Number of protein chains: 4
Amino acid sequence: MRKIWQGRFSKETDKLVEEFTSSISFDARLYKYDIQGSIAHAKMLAKCRIISSKEAQKIISGLKQIQKEIESGKFEFKLEREDIHSNIEISLIEKIGEVGKKLHTARSRNDQVILDLRLFLREEIENILNLIQGLQKVFLSRAEEDLEVIFPAYTHLQQAQPISLAHYWLAQITALERDEERLRKTYQQVNVLPLGACALAGTSFPIDRKLVAEELNFPAISTNSLDTVAERDFVIDFLANTSLLMLHLSRLAEDLILWSTTEFGLVELDDAFCTGSSIMPQKKNPDVLELIRGKTARVYGHLISLLTLLKGLPFTYNRDLQEDKIPLFETVEIVKKSLLIYTRILPSLQLKKERIEKVLTESFMTMPDVCDYLTKQGIPFRESYQICGEIVKYCLFKKIFLKDLSLKEFKSFHPYFKEDVLEVVKPEKSVQAKKSAGGTGLTEIRKVIRRYKKRWEKNKN
Amino acid sequence: MRKIWQGRFSKETDKLVEEFTSSISFDARLYKYDIQGSIAHAKMLAKCRIISSKEAQKIISGLKQIQKEIESGKFEFKLEREDIHSNIEISLIEKIGEVGKKLHTARSRNDQVILDLRLFLREEIENILNLIQGLQKVFLSRAEEDLEVIFPAYTHLQQAQPISLAHYWLAQITALERDEERLRKTYQQVNVLPLGACALAGTSFPIDRKLVAEELNFPAISTNSLDTVAERDFVIDFLANTSLLMLHLSRLAEDLILWSTTEFGLVELDDAFCTGSSIMPQKKNPDVLELIRGKTARVYGHLISLLTLLKGLPFTYNRDLQEDKIPLFETVEIVKKSLLIYTRILPSLQLKKERIEKVLTESFMTMPDVCDYLTKQGIPFRESYQICGEIVKYCLFKKIFLKDLSLKEFKSFHPYFKEDVLEVVKPEKSVQAKKSAGGTGLTEIRKVIRRYKKRWEKNKN
Amino acid sequence: MRKIWQGRFSKETDKLVEEFTSSISFDARLYKYDIQGSIAHAKMLAKCRIISSKEAQKIISGLKQIQKEIESGKFEFKLEREDIHSNIEISLIEKIGEVGKKLHTARSRNDQVILDLRLFLREEIENILNLIQGLQKVFLSRAEEDLEVIFPAYTHLQQAQPISLAHYWLAQITALERDEERLRKTYQQVNVLPLGACALAGTSFPIDRKLVAEELNFPAISTNSLDTVAERDFVIDFLANTSLLMLHLSRLAEDLILWSTTEFGLVELDDAFCTGSSIMPQKKNPDVLELIRGKTARVYGHLISLLTLLKGLPFTYNRDLQEDKIPLFETVEIVKKSLLIYTRILPSLQLKKERIEKVLTESFMTMPDVCDYLTKQGIPFRESYQICGEIVKYCLFKKIFLKDLSLKEFKSFHPYFKEDVLEVVKPEKSVQAKKSAGGTGLTEIRKVIRRYKKRWEKNKN
Amino acid sequence: MRKIWQGRFSKETDKLVEEFTSSISFDARLYKYDIQGSIAHAKMLAKCRIISSKEAQKIISGLKQIQKEIESGKFEFKLEREDIHSNIEISLIEKIGEVGKKLHTARSRNDQVILDLRLFLREEIENILNLIQGLQKVFLSRAEEDLEVIFPAYTHLQQAQPISLAHYWLAQITALERDEERLRKTYQQVNVLPLGACALAGTSFPIDRKLVAEELNFPAISTNSLDTVAERDFVIDFLANTSLLMLHLSRLAEDLILWSTTEFGLVELDDAFCTGSSIMPQKKNPDVLELIRGKTARVYGHLISLLTLLKGLPFTYNRDLQEDKIPLFETVEIVKKSLLIYTRILPSLQLKKERIEKVLTESFMTMPDVCDYLTKQGIPFRESYQICGEIVKYCLFKKIFLKDLSLKEFKSFHPYFKEDVLEVVKPEKSVQAKKSAGGTGLTEIRKVIRRYKKRWEKNKN
């Protein structure tokens, strides 16, 4: 088989080499972006009179026909035609003859491959942004629903303080907001036309890059042709930002896995989202959440692959860069599925309220409130803290919880304790007492919920 | 030694544990941010009448005294006091007595540690941004100086096309521009006040977080207390963005290392920036550049450490997070030094013009120009390409270069070749012929240089 | 300051470059290996008559004096003398004059640096192997002690089956055994003399590498001088194997953290190994375990640094390799401390037997035993499984546990159920029933314990 | 569709969940190992009288039939049947009825999945070991062929010393030897029977694990059932060791890429192993080598994925572990292809001897020999070094090479220089002069070549 670049070579390519270097098995999925880019290029060539309008028409209709063939499964991708670009170009020439040989005027595979990647990623980031928003709305629903559910919060996985469960869901929205912002920034980086950089130096043909940019809806064109073909910042930036996104999803998974253990017993996942064991009939496993945690590791691996790939690579394009595709494609799939699956799991998550109540009351989680109680009466905080430490020690010795302490016992630790301390130790009072901005106090939470609702309604219009 | 949290414990901490958990050996460097944060906190406590003005005064002057002691080397950091926060708090109490015990009212080490980190990183990102700008200006000077130096550009490390060397330097500026933008975005993420999240739930004290934010020059406060103490997005974001920055610096290093080999011989590093061999007297090694390449790998390692650290970590704060500091601190140092050293190396870089000239002319780097020459006369590009491939094969067989071909020989490949093709093959003509936006044509490059100069002048005012 | 390699250079080294390239701040810790290597080298030079015995004597006594000065803190390491090798060589010349200039005959810093690294790592691997053995013995003690403690085991963090707690501790020994084996293999790789490779080609001096190897206790010498100075396999191998070791320690940490939550409540860490909160008086946090988990991420980062550092590095030595030291040194420290701290934590770990009992009996963990009960009577396993699934569903509906089922209820699911099924559901019976090799049956466990004891006693003699 | 574990569940699995959790799209490739393992298991069950011989016969013939169907493309893998294990088990039951339900007696998917993985990896490591040996032999052929080719060697990519090119090829064999050793060790770790661990506790059925081990050719059985289902050390060990292997292949790729640049021009890759440019007719690119370098990064990513995946994972099996397969499978493919392709490239690699000669002679690469020349006459090495440094400076100033220096000029630097120094500076003399073990001296190299030939011949018999 003749390669498009065969001219100077005096030997056929080794079969093994063909197999080793061919990317068609994975870059075939870029076909529609490749054709879209070629059509825009052909239109521009005609407008700039580099080819005739008629020639452009032939090329465009040939390309559209190829697209149809691909989409109907009739197109045969050939390994020895290396990649999606050559597969389409050669097939075009077979289809429309000599004029097809004009398409590649004033462009190179080097800038074409980046164009395809940018068009692909632009669309996928949009998809991901939509999924993020969808998931945020699910969290908001849960926040509204669970506003008055008092729930244990942890540091070091040890019981810390009572919160509104809504506060937890809102924390997830906050994290996703940062992810969204970061991905919007990535989107801007992606949304730049590379075509026209050609091999690396630009071209002497009188092309009009802005025309192509308009046609393909790029608000900007790349500004340095060497950099354009050499860099993959936008891919790495995407992988870094989705690594962070997956990090967030994996931490949520960890919490839900813990909460749905028999021992924590705070929530129950719906049967539809769990799987069983091949040998232990009693098992109901949170596989989906475990897989999200596991797939996070995969995305990290892809990020480090790309970083390593590019480290110390001489300018400009090197074939090493071909290895950016599989990591990118897999990451896109993992991220989309992980987001989607959460939007399904969360609404059906059941709270085990009796158990939650028990965990909260048979505890010392309002000890910090007792500490503040003393501090508010003028005892220096660090001293209040010591007194409260003694109280804990006493309870542990007596094997009782904070709620079991009588006023008399409280008073034996400090005369400032009054009747009202027995209210202070109640989990719901603890939550109500919080007033600081960003805290778990219900008024504050309601404000946050309203803020999100307003913002999202606005976006709709 | 009594810990600040000793109350409930019935045993002293194991010595080995103290050593294992203590962070003072590395977080001592945060002292000034810790004190700055505590002063702002004390002022707010007073303004909100949680402590008296007089108490605040005492605390503040105690803290300032501690700062002086640290800066004059008189302060003794104690391992058994765990971290910078406790070292300062306990020392404050020793110094000013009971009132010192009030400082920690309505805050937690959990939000304090993030505050310190944010104050530190905010300052360091500013330093890095300045260094980036400094380096960009160095590149711009070189671009102006080397505008008319025609230089070989490579793909796959094989000779590709002639460019203006200025185009290469401008590519570096372009890459750094993206780094700058990304770091500005990171800066915004860092620039958010965490204090007031307390342990994780906020507080029932009537604090005013906005006051603290103003005092510390934060334009925004964090919006969810759980998220505030749990997340380290801004650290990872910084590490990801500096990984990309180092990636750029490492690719430049690779190129300069290659260009300064005897074999390429295109440039020569100044003696002041090279080192020798212990055993081979003739050696002059580009160690500095190799170290930049090597240190890039270190920064990647730090990024992957942090990502792995946080994956699947349950909410909210866990002690694992302490391990974010050394990677962060080391990265800051590496990045600053690497940027700085480039601003020193580049101005003294010498071009070996004779060799550059030879490389350009004894080559086929203007073959694409010949190809375009034919295409412009109506021969379909892919056909022109084949013809040119044959020309290359012919030259290789005859062991001559493109410049050695006579018009007659050209004509033997295609009748369209005329006298003017002998001009087309000249490297300088090739560069001049490029007209496309972002390409290596001199007019285009001059435009780009002017644009940068204008922008930077503007920024000055 | 004159560098040892200054000869051909016409300019002094830039100060910033000195600082950037100097490694003395971290490689000073290799001093004793460097001196040990130099002494062996000097002895060999004398024996091979390359220098005189008298000269060797002077050199050796000079080196020993330097070692004393370093160890008594009197030696001044100088940044501008770059590294430990030059610091010692220059200081030797200052001390003993001209004859000191003969030490570097027939060797290079390239092979010297690897020698130091190998001597260092050889010793540290021995230390680590001892710590591993120490920890294994701690596990064995616990296994003997906890042999009859029936304990819940988990898959997917859901309750799976009852085991002997000893079985869990033995699993840790098994994992450490693999770590030990792997590190022994690394040790063999480290334990090879590099000296004599010189810069990269070997030497024309009539050196005797085997003499040096004997002197330094290396059983083998490296076989290819290019490879010798170019490779860092042994460092990466060490980092990979310690990554796996830390992985094991981190999983154990995770389990202990979970088990010591209030909700699981299966174990309690001794107060001496926990720390408290700055604001929540009730907190007792497993910081040490969290840090082990966190430091694991650091070691991974170091591994990926080294791998990335060496990828695509041209042969042979490149200065990038200097960046192998900090990751290696830090890893050695992390690993040693993490192993040591476990040997302290584990003996004092308290079991909360009441809670363990409750978790076991208020569960379905012996459901697989019921399933096997039916299967043993001829019901195809997959059918038994379905029946047991129905039983679980029934219990969940009635909110009872397996232990609460009456014989009558059992029979309602299948007539094969007899009186003895009420025994089968008891956790201790479940454990006793296990007979397979490697399983949790007590007889089997006792056998394993005996095997380890025997083996370790043998090793002693 | 009924799942094998449906019993206790009251709801069907969500479709999205099925898709998210199913592994059949990638673990189908394990079919033959799964069937092989099931056959061995069935035979053992019969021998131990857990099922009857007749039942075992039916099961085995059913399994064999399924294998045939898979291999002839008639078997339909079903997504909703989750994985290869369930696909085969359910299909078996459909095919042979009730008796098929007995196959899963006394085993679990947890140990089955590891069995399949171990059988797979055992075979693939054998394949890789064969490929390594094949490549080593290619290097040995080249070493024999290129024994007398004097070639430049580099440190810091600067010309260092002349070597025999054979020495370079032998360095590759040496590196591969370590890879081989490491992989043999991995093989031993893989080569352990897991089956019989069941879910995690072993079983009460009177199974005989040694019988299964014999049947499947495993020399050992795993010793702790918890560890057996929880660990993936052997996968990580494999990925770490293949990362090192790829590191070696990537460094070789880097060298060959450099050597085949126009500027170095030392070697030429055969046309059959290069590809061209879509736009630059003169290009001949070493894509294959670049891809090896690039794919190395991919393998690193897979290693870090697995390490991260398992960090801090609670005991024992968690679904996260499913994500070990794609990284493992991809790594196996990359490694095999990369090794194979080198065995094809290297024999056809052409040396450009004229250029090599020129590079060697127009240089200072024998300067260390001059230095040793003086040192051998009693001048302290460090002094000889300074003198040689002056000579280099002189030559650089006069723009001459070492070969151009007259005896008179030599003498002007030191009176010890005699006629014979003019021989010493010749590259071939430099190589001949090397005598040290492991060095580039030809006698030494011949010894090494003989040693390998002998060893490999021995292995054949």
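Not measured: the values here are computed from a predicted model. In what follows, chains are A, B, ... by sequence order, proteins preceding strands, each numbered from 1.
Contact of the B:V99 side chain with the A:P380 side chain is not registered, since no non-hydrogen atoms from C-beta on lie closer than 4.5 Å. Inter-residue side-chain proximity for B:L247 and A:L307 is flagged as met; some heavy-atom pair is nearer than 4.5 Å. Two residues are said to be in side-chain contact when any heavy atoms from C-beta on lie closer than 4.5 Å; B:R178 and A:D227 meet this criterion.
If you take NE2 on B:H156 and CG on A:N110, they are separated by 6.0 Å, rounding to the nearest 0.5 Å.
With a 4.5 Å cut-off on non-hydrogen atoms, A:N241 touches chain B through its side chain but not through its backbone. Residue A:I304 touches chain B through its side chain alone, counting heavy-atom pairs closer than 4.5 Å. Of the atoms belonging to A:L157, heavy atoms from both backbone and side chain fall under 4.5 Å from chain B.
Checked against ring pair (Phe, Tyr, Trp, His ring centres under 6.0 Å), B:Y300 has no partners two or more places apart in sequence or in another chain. Considering only residues two or more places apart in sequence or on other chains, B:S164 meets the side-chain hydrogen bond (donor to acceptor under 3.5 Å, both in side chains) condition with none of them.
Comment: B:E254 does not engage A:K311 in a salt bridge, judged by the lack of any side-chain N to carboxylate O separation of less than 4.0 angstrom. A salt bridge does not link B:D237 with A:K185: none of the charged nitrogens is closer than 4.0 Å to a carboxylate oxygen. Comment: B:R382 does not engage A:E98 in a salt bridge, judged by the lack of any side-chain N to carboxylate O separation of less than 4.0 angstrom.
Checked against the 6.0 Å centroid criterion, the rings of B:Y154 and A:F315 do not qualify as a close aromatic pair.
Contact count versus chain A (heavy atoms, under 4.5 Å) is highest, among B:E89, B:E444, B:E55, for B:E89. Annotation: maximal heavy-atom pairing with chain A below 4.5 Å, among B:Q189, B:R182, B:K102, B:Q161, occurs at B:R182.
B:S204 and A:K376 share a donor-acceptor pair across their side chains, judged by distance under 3.5 Å alone.
Looking only at distances, a side-chain donor or acceptor of A:R251 sits under 3.5 Å from a matching main-chain atom of B:L313.
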